Amino acid sequence: MSISTVLASNQETLPLRVHYRDEAHGQIVHDSLHTRAGWTKSYLFQFDGRVAGFGSVAVGGPWKGKPTAFEYYLLPTARGRAFDFFESFVAASGAQFFEVQTSDILLSVMLHTYGSDLESEKIVFRDELTTSWPVPSAMLKRVTSEKKSNCCFQERRHQ
């Protein structure tokens with residue numbers, strides 16, 4: 001069973017990027033990089049000749065001279081080989097750095113497995129589950145009158 005990673009056009013990876021966006025179900029910080037000519041290189045992953053996913057490396061703009069993996073997506077059926085695909089991706093792409101969106105679970109796992117000297121500029125949360133933590137001692141108390149609150153809402157509607 002063979003894994004391969006081949007350079008591909010952004011057009012060739014677009015159907016997989018649509019899956020990636022759908023699963024992210026939220027903001028993707030560097031999504032627009034693919035539209036900037038010369039800023040990215042994308043790779044298709046194959047397993048026994050079948051497409052299994054894609055990865056993208058930023059190579060232009062602020063990343064010039066610092067090839068940086070920033071997207072990594074595998075179809076659900078290929079995720080059991082995530083580490084093998086990632087190692088193949090890094091070897092083929094020459095990526096030397098990561099830039100990971102914290103809400104991207106798969107690439108975050110790769111970051112914590114293969115990365116070192118980690119820094120965080122910002123955190124993007126993934127809103128997926130509704131929680132209901134009981135807080136028996138909590139109490140909500142109105143501090144602004146209902147009349148004053150309604151006036152504020154009216155003012156904002158007219159701004």
Side-chain angles (χ1 to χ4, degrees), residues 1-138 140 156:
M1 304 203 175
S2 66
I3 287 176
S4 65
T5 299
V6 295
L7 187 62
S9 70
N10 287 335
Q11 202 59 32
E12 290 173 297
T13 60
L14 184 58
L16 290 162
R17 288 183 49 241
V18 169
H19 286 292
Y20 174 70
R21 287 185 196 126
D22 288 346
E23 282 189 35
H25 196 64
Q27 177 187 21
I28 298 175
V29 176
H30 293 306
D31 193 47
S32 68
L33 292 184
H34 295 282
T35 64
R36 299 175 186 188
W39 279 43
T40 63
K41 287 186 178 178
S42 293
Y43 297 82
L44 278 176
F45 309 138
Q46 296 181 339
F47 184 65
D48 287 341
R50 293 185 310 272
V51 172
F54 82 98
S56 295
V57 177
V59 294
W63 299 276
K64 190 171 187 161
K66 299 182 284 182
T68 303
F70 73 98
E71 283 186 352
Y72 178 63
Y73 175 79
L74 292 172
L75 293 169
T77 55
R79 291 181 188 160
R81 306 286 304 266
F83 296 100
D84 297 327
F85 279 109
F86 189 75
E87 289 174 4
S88 175
F89 169 46
V90 170
S93 69
Q96 298 172 4
F97 303 94
F98 288 97
E99 189 149 327
V100 178
Q101 183 168 316
T102 55
S103 60
D104 182 339
I105 296 167
L106 186 57
L107 192 52
S108 291
V109 168
M110 299 303 132
L111 170 73
H112 290 286
T113 302
Y114 296 99
S116 62
D117 300 323
L118 307 179
E119 294 179 19
S120 180
E121 292 178 10
K122 57 186 160 264
I123 297 175
V124 178
F125 292 97
R126 185 178 184 113
D127 185 16
E128 192 167 320
L129 301 173
T130 301
T131 59
S132 57
W133 292 80
V135 185
S137 61
L140 295 176
R156 287 188 182 137

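All figures in this text were calculated on a predicted structure; none of them were measured in a lab.
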Could you report the tightest heavy-atom contact between S88 and S4, atom names first, then the distance? OG-C, 4.2 Å
Non-hydrogen atoms of F89 and T5 that approach each other most closely: N-OG1, 3.7 Å
Kindly indicate whether the side chain of P76, heavy atoms from C-beta on, has any atom under 4.5 Å from the side chain of E23. yes
Nearest heavy-atom contact between S42 and T13 is CB-CG2, 3.8 Å
Heavy-atom pair of closest approach, residues L44 and A8: CG-CB, 3.8 Å
Would a 4.5 Å heavy-atom cut-off, applied to side chains only, mark E71 and H34 as touching? yes
Checking F45, Y43, F98, Y73 against F86 for ring pair (Phe, Tyr, Trp, His ring centres under 6.0 Å), the one that qualifies is F98
Are V59 and T68 close enough that some pair of their side-chain heavy atoms sits under 4.5 Å apart? no
Rounded distance [0.5 Å steps], CG in N10 versus NZ in K41: 12.0 Å
Separation of T35 OG1 from L33 CG (nearest 0.5 Å): 7.5 Å
About how many Å separate CG of L75 and NE2 of H19, when rounded to the nearest 0.5 Å? 6.0 Å
Least distance between heavy atoms, V57 atom then A95 atom: CG2-CB, 4.1 Å
Y20 (side chain) donor-acceptor with F54 (main chain) under 3.5 angstrom: no
Determine whether Q101 and I28 make a side-chain contact, defined as any pair of heavy atoms from C-beta on separated by less than 4.5 Å. yes
Would you call W63 and F97 a side-chain contact if the rule is heavy atoms closer than 4.5 Å? no
Closer than 3.5 angstrom, by distance alone: can the side chain of E87 be matched with the main-chain N or O of D84 as a donor-acceptor pair? no
For the residue pair V100 and F70, establish whether any side-chain heavy-atom pair is separated by less than 4.5 Å. no
Taking all heavy atoms of R81 and all of I3, pick out the closest pair and write down the distance. NH2-CD1, 3.8 Å
The reported gap from CG in L111 to CG in L106 (rounded to nearest 0.5 angstrom) is 11.5 Å
I would like to know whether E99 and H30 meet side chain to side chain donor-acceptor pair (under 3.5 Å); could you show each step before the answer? CA-CA 9 Å; E99 189 149 327; H30 293 306; 2.8 Å; yes
